[in-house]
Structures are given as structure tokens and as C-alpha cells.
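Just so we're on the same page: letters track the sequence lines, and every chain starts at 1. Quantities reported herein were computed from a predicted structural model and do not represent experimental measurements.
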Amino acid sequence: MNHTEPFVFCTERRLVTLTGVRASNLDGLLSGLRQVPGSSIFYHTHHMYLSHHFETPAFSNDFALWTSEALLEEKLGEQLSAIDLLTFTSIRQIREAIISTIEKAIGEDGRRNRECPARDEFHFCRSKSFVMPTGIVAADPEEFFRVLPLVSNVSLFFHFFGARLRLERPTNDFSSWLAWRGETRLAEAIDALDPYSVTLDDLERKIIELGAGLGRQAE
Amino acid sequence: MSVRLKDYEPVVGADVMQELYVLAGKVNGRRLQNINSTSVGGGVAEILTRLLPLLQELGVAATWDVIKGDQAFFNVTKAFHNALHGKREEISEEMLETYRETTEMNLGQMTLSGDVILIHDPQPAGLVQRKGDTGGKWIWRCHIDVSEPDPRVWDFLRPYVSQYDAAIFSMPDFAQRLPIPQYMVAPSIDPLSDKNKDLSPDFVSSVLDRFGLDPERPIVTQVSRFDRLKDPLGVMEAYQMVKKRHDCQLVLAGGDASDDPEGEEVLAEVRERAASDPDIHILLLPPFSDLEINALVRGSTVVLQKSIKEGFGLTVSEALWKKKPVIGGAVGGIKLQIINGVTGFLVHSPEGAAKRLAQLLTDPEFGSRLGENGYLHVKQNFLITRHLKDYMLVMLALDYPDEDIVLFG
């Protein structure tokens with residue numbers, strides 16, 4: 001990408017792929033966590049942000065939800081839910097953090113391997129993503145913020161979460177591009193947002209607000 | 001009047017339609033041959049009837065063929081169906097031979113051609129033996145709950161299923177250990193069908209009136225056949241617990257159970273339990289009562305689907321689409337449709353259902369919020385437009401079996 005290249009908003013169409021790997025207790029969950037592909041870890045830690053765009057879910061990832069609700073390991077559920085995904089730059093790191101949180105909990109509280117109720121097993125899924133341009137393009141930062149309200153949650157999700165973790169880009173796509181275009185402060189401000197604590201609608205609003213604020217500063 | 005693709009735009013939004021058109025650009029012109037075992041009756045025929053014209057409008061050359069079989073074959077596949085659901089069935093070698101022979105007979109008579117051949121359910125699964133001759137990709141679409149299949153039947157089917165290029169299941173719970181990619185495509189509801197389309201308030205009132213329901217008092221409804229797995233008695237128990245302190249009417253609406261001995265028995269128990277409570281309405285609706293069911297749900301305050309076991313339970317999505325708070329049993333596909341406390345409540349017992357019912361009758365505003373969330377959840381995940389999108393994605397996925405992310409320029 002050169003310094004005059006426009007920003008091309010992409011969107012992601014996801015097909016959920018089933019791995020056939022399932023767990024009925026913590027041992028099984030650990031075993032699954034160690035063997036499934038990275039796209040499965042990404043799916044279970046991120047799909048909720050896309051699915052429940054209208055409300056922030058109580059548990060931020062499937063591992064936390066299942067551990068708490070199916071295994072009744074509420075403390076571990078809270079710990080898994082509190083893992084700060086923003087501090088990781090790769091899915092490998094997220095996988096390791098989840099595994100070590102579970103291992104630590106087992107180590108601290110003594111070995112226990114409660115079985116989940118029948119038909120309440122954890123099923124490892126992954127997503128297969130098809131990334132395509134939306135047709136929305138911004139030639140410069142002003143246009144970027146003008147067209148942002150037209151961009152869907154799925155597009156936002158891809159540029160914020162998918163690009164950084166699945167394509168292992170250093171930051172979200174918006175910040176990368178704005179930095180290239182000389183809007184370093186704006187890029188940093190967007191990078192500093194915590195996308196995991198808000199809904200995608202709120203995230204979009206916050207980015208638009210940042211753009212408007214810095215725009216006024218420039219005037 | 002047949003429904004056209006453009007009719008969905010006011011319902012699902014221009015962005016969803018745009019997404020379909022973009023995807024269609026990647027798969028149009030492809031020939032998709034669907035094969036199942038019946039052209040009428042049952043959920044598979046119903047969804048194919050609705051999906052096919054829409055796929056064709058999107059440029060996919062979708063066709064539909066039906067295999068032939070005699071009564072003996074369909075008795076075998078009925079036994080397979082039950083056994084895959086986990087029910088104990090006697091499966092003899094003779095039955096397996098009947099399946100093989102009918103498959104051979106169909107292979108001799110059918111024209112198999114298509115870029116993608118989509119085989120629905122176990123009945124035609126054996127046709128895959130001809131895969132090498134067709135040059136197309138083969139997908140097995142399993143619509144049934146195979147979370148705990150009878151190993152004898154599954155072991156018989158597995159060698160067939162393993163020959164496909166991919167399999168599609170309705171829920172993660174149904175996934176199997178297979179050497180082929182497995183995709184999840186959840187079932188869907190059609191927002192323009194009689195069961196789900198918007199109705200005038202006058203029509204809703206007239207239906208409530210016809211069934212002797214008072215629109216001024218809360219109405220609690222479960223729509224399902226009189227089957228123990230749908231737990232109508234548990235629903236009555238919950239209602240009777242709540243009724244002591246909260247005025248409400250209960251509707252149990254289901255089909256006529258006269259051809260189902262177990263259904264008759266359950267119905268008799270339900271009637272006995274209802275005794276002389278004039279606020280319990282047991283409605284036996286004839287076939288083709290979709291508009292009446294739609295109106296009953298729209299006229300309800302709270303909808304229940306307190307199943308003990310459930311394949312998917314699309315009645316939940318049908319109620320959420322009408323912005324009704326739903327209390328559902330925490331089983332099967334209900335768990336995908338109800339996010340506990342967000343789009344409804346999941347319960348495990350009549351007591352749990354009673355507690356949540358009392359809460360929703362006391363705080364209707366909260367119920368409205370759940371209903372609103374539920375509507376959005378269904379809009380995003382369980383409408384026929386998402387089903388269309390998923391089928392096109394599966395066709396595309398066959399081109400990229402190994403990639404997790406496919407980037408198009």
C-alpha cells in the first residue's frame with residue numbers, strides 16, 4: 001500500500017465449519033484447545049461480537065460461557081471471560097492464554113473433572129471466511145469518515161478483528177491506513193479503543209466521533 | 001402468487017440483498033442438482049420449494065429430482081431416521097439389502113448431472129457411488145438430528161457419507177468424525193410465508209375472538225404437536241403455578257392427533273389436567289392453519305417452547321420474529337435461538353418456566369426488550385435469505401477446501 005492508496009472497505013462472508021471435536025469436561029476442553037486449528041480459537045473467541053451486535057454478551061467467548069454454564073465452573077468462566085484479547089497479536093497467543101488459564105485453575109483448586117449434562121457438550125467449530133470488497137472506497141481520511149456510517153458491522157468486524165488476528169496485521173486496518181495517510185494521532189486514538197468492551201454499533205459510533213473531533217481540531 | 005427475491009428487500013434490508021447479489025456473482029451459472037425422497041410434505045420439501053426459485057433468480061441453475069422407492073424401502077429409511085435420532089430400532093441385514101437394491105435401481109434410472117449435486121438426508125445418500133462418473137462435487141445435506149445416532153445405522157451410512165466432498169449439518173451438535181469438510185447451515189424461516197408474514201391487527205383480533213380468547217388479558221401460548229417431547233404437561237404445570245398470582249390465559253395449539261396413538265394419549269392427559277379451567281384453551285388445528293397460528297402467536301404475550309428434546313425447534317424463531325419473548329427448554333436448536341436473558345429465557349423445568357413466566361407477566365417492558373432482541377437475532381441468523389447465502393457459500397467453499405480465509409480482489 002502506498003501513501004495515496006484509497007481505503008477499500010471489505011466484508012467477510014463466513015461459513016461455519018464443524019470440526020467433529022467435542023468436549024464434555026475440562027480435560028476434553030484442554031485436549032480440543034490443543035488440537036483444533038487457529039481458526040477455531042478465533043471463532044470461539046470472536047463470533048459473539050458479530051452475532052450479538054445489539055447487546056454486549058455476558059460472556060465474551062464460548063469457552064467462558066460453556067465452562068460456566070455447562071460445567072458450573074463459574075470462577076473459571078469469569079477468568080476466561082476476562083482474558084484481555086487486545087493484548088495479543090496472534091491466535092497462537094490467545095490459545096496459550098486460554099490453556100494456561102484453565103491449567104492454572106485446575107492447579108489452584110485441585111483436580112476436578114466435572115462432566116457436563118448430556119447433550120450439552122462443547123463442539124469445536126471454525127469459520128471459513130470469504131473476504132470481498134464492499135464497493136465502498138475512501139480516497140482520503142475525510143471521505144473515510146463520511147462513508148463509515150455506510151459500512152456494515154461485518155465489514156467493521158473484519159477490519160478490526162479479523163485483519164489483526166487472522167491475517168496477523170500489526171493493528172486494525174483503519175489505524176494502519178490512517179497512519180499511512182499521515183493521520184497518526186487519529187490512528188493511535190482508534191488503536192487505543194477497546195473493541196471487546198462495546199458492541200460493533202458502539203465501536204463504529206466511537207470511531208466516527210474520533211474522526212469528527214480531530215476534524216474540528218484541524219479547523 | 002409466487003414470492004420474488006425483491007419482495008425480501010423491505011424485510012431484510014438492502015445490505016443483505018446486496019450481499020446475496022455479490023455472492024451470486026461468484027456462483028451464477030453453476031448447476032445445482034438437489035435430490036431428496038419426496039416432493040411434497042415434510043420440512044425438506046417445504047424448504048426446497050421455497051429456496052429453489054430464489055436460487056434460480058440469483059442465477060444458480062438449481063434443479064430438484066426425487067428418488068423412487070417402494071413401501072419396503074421407505075419403511076427401511078423410516079427405521080434409519082428413527083435410529084439416527086437415537087431411537088432403538090431393529091435393523092436387519094435384509095433391510096440394509098433393500099436400501100442397497102433401491103439405490104441401485106435409482107442409479108439405473110436417474111440422470112445425475114450438475115456442478116454440484118446436493119443430496120438431502122439418508123434416503124438418497126447411496127447415490128454417491130456414481131460420483132466418479134459425474135465430474136461434479138457431491139454434498140450430503142443432513143437435515144436430521146444425528147447427535148447420538150444408532151451406531152449400526154451410522155456405521156452403514158458412514159462409508160457413503162465419507163465419499164462426499166462435504167457434508168452439511170444443522171447444528172454443531174450433529175457434527176461427526178468424518179474425513180470430509182463439514183459445514184453448518186442452520187434451518188430458516190420464511191418471513192413472507194403465511195406462518196410468518198405481517199398480519200393486520202383486525203385479522204389477529206378476529207382469530208383470538210374465534211378461539212374465545214380475551215385480548216385484554218395476557219395470553220401464554222405453546223404451538224406444537226401433542227408429544228411428550230414437547231412437554232405440554234410441563235407447560236400446564238408452569239401455567240398453573242403462575243396462575244395463582246397472575247391473571248393469564250393458556251393456549252396449547254397443535255395438530256389433530258387422531259393418527260398418532262401416543263399423541264392421543266398425551267392429549268387426553270392434557271385435557272384431564274385442564275379440567276374445568278376456562279382459561280386453558282386446547283386448540284386442535286387442521287392442516288393448512290398457518291395464518292391462524294401466525295395470528296395466535298402475534299396475539300400472545302409470551303410464547304413457550306418447553307421441549308425436553310428438540311431437533312431444531314423453528315417455532316422459537318417464528319415467535320421471536322414476531323417480537324415475542326420466548327421461554328424455551330434448554331435443548332437442541334432452541335439453545336441457538338434463545339440467548340438466555342437476551343432474546344428469551346432457557347429453562348430446565350416447569351418451575352423454571354413458571355418463574356420466568358411470572359417475571360415476564362409482571363414486567364412486560366422487559367419482555368418487549370427480549371422480543372425486540374429476538375427479532376434482531378432471527379433477522380440476522382434464521383431467515384431464508386441467510387439460508388440462501390449459506391448454500392452459495394458452500395458451493396464456493398468447494399473450490400477452496402483447504403483455505404480458512406479466501407481473499408477476493
Flag the one option from E372(B), E148(B), K389(B) with the top tally of heavy-atom pairs under 4.5 Å to chain A. E148(B)

E209(A)/R205(A) ion pair, N-O < 4.0 Å: no

Ion pair check, E310(B) and K230(B), cut-off under 4.0 Å: yes

Salt-bridged, E103(A) to R34(A), with N to O below 4.0 Å? yes

Part of R126(A) within contact of chain B (heavy atom distance under 4.5 Å): side chain

Only pairs of heavy atoms separated by less than 4.5 Å count here; which of N340(B), L178(B), D15(B), V22(B) has the most with chain A? V22(B)

Part of S127(A) within contact of chain B (heavy atom distance under 4.5 Å): backbone

What are the residues of residues 395-406 of chain B, in order of number, with any heavy atom under 4.5 angstrom from a heavy atom of chain A? L396(B), A397(B), Y400(B), P401(B), D402(B), E403(B), D404(B), I405(B), V406(B)

Contact origin within E19(B) toward chain A - heavy atom pairs under 4.5 Å: both

For the residue pair Y164(B) and W140(B), categorise the inter-ring angle as parallel (less than 30°), tilted (30 to 60°) or perpendicular (more than 60°). tilted

Determine, step by step, whether E96(A) and R92(A) satisfy the salt bridge (Lys or Arg N to Asp or Glu O under 4.0 Å) criterion, reporting the C-alpha distance in whole Å, the side-chain angles of both residues, the deciding distance to 0.1 Å, and the verdict. CA-CA 6 Å; E96(A) 283 166 6; R92(A) 181 179 51 78; 3.5 Å; yes

If you measure from the Lys or Arg side-chain nitrogens to the Asp or Glu carboxylate oxygens, is any gap between D145(B) and R119(A) under 4.0 Å? yes

Name the option with the most non-hydrogen atom pairs under 4.5 Å to chain A; the candidates are A167(B), P172(B), S147(B). P172(B)

With W321(B), which residues qualify under ring pair (Phe, Tyr, Trp, His ring centres under 6.0 Å), at least two apart? Y375(B)

Under 4.5 Å to a heavy atom of chain B? For V21(A) that would be both

Output yes when K206(A) and D202(A) qualify as a salt bridge under the 4.0 Å nitrogen-oxygen rule, no when they do not. no

Does the side chain of Q176(B) come within less than 4.5 Å of W154(B)'s, by heavy atoms? yes

Donor-acceptor side-chain pairing of D191(A) and T171(A) below 3.5 angstrom: yes

Flag the one option from K335(B), M171(B), Q18(B) with the top tally of heavy-atom pairs under 4.5 Å to chain A. K335(B)

Where on V331(B) is there a heavy atom nearer than 4.5 Å to chain A: the side chain, the backbone, both, or neither? neither

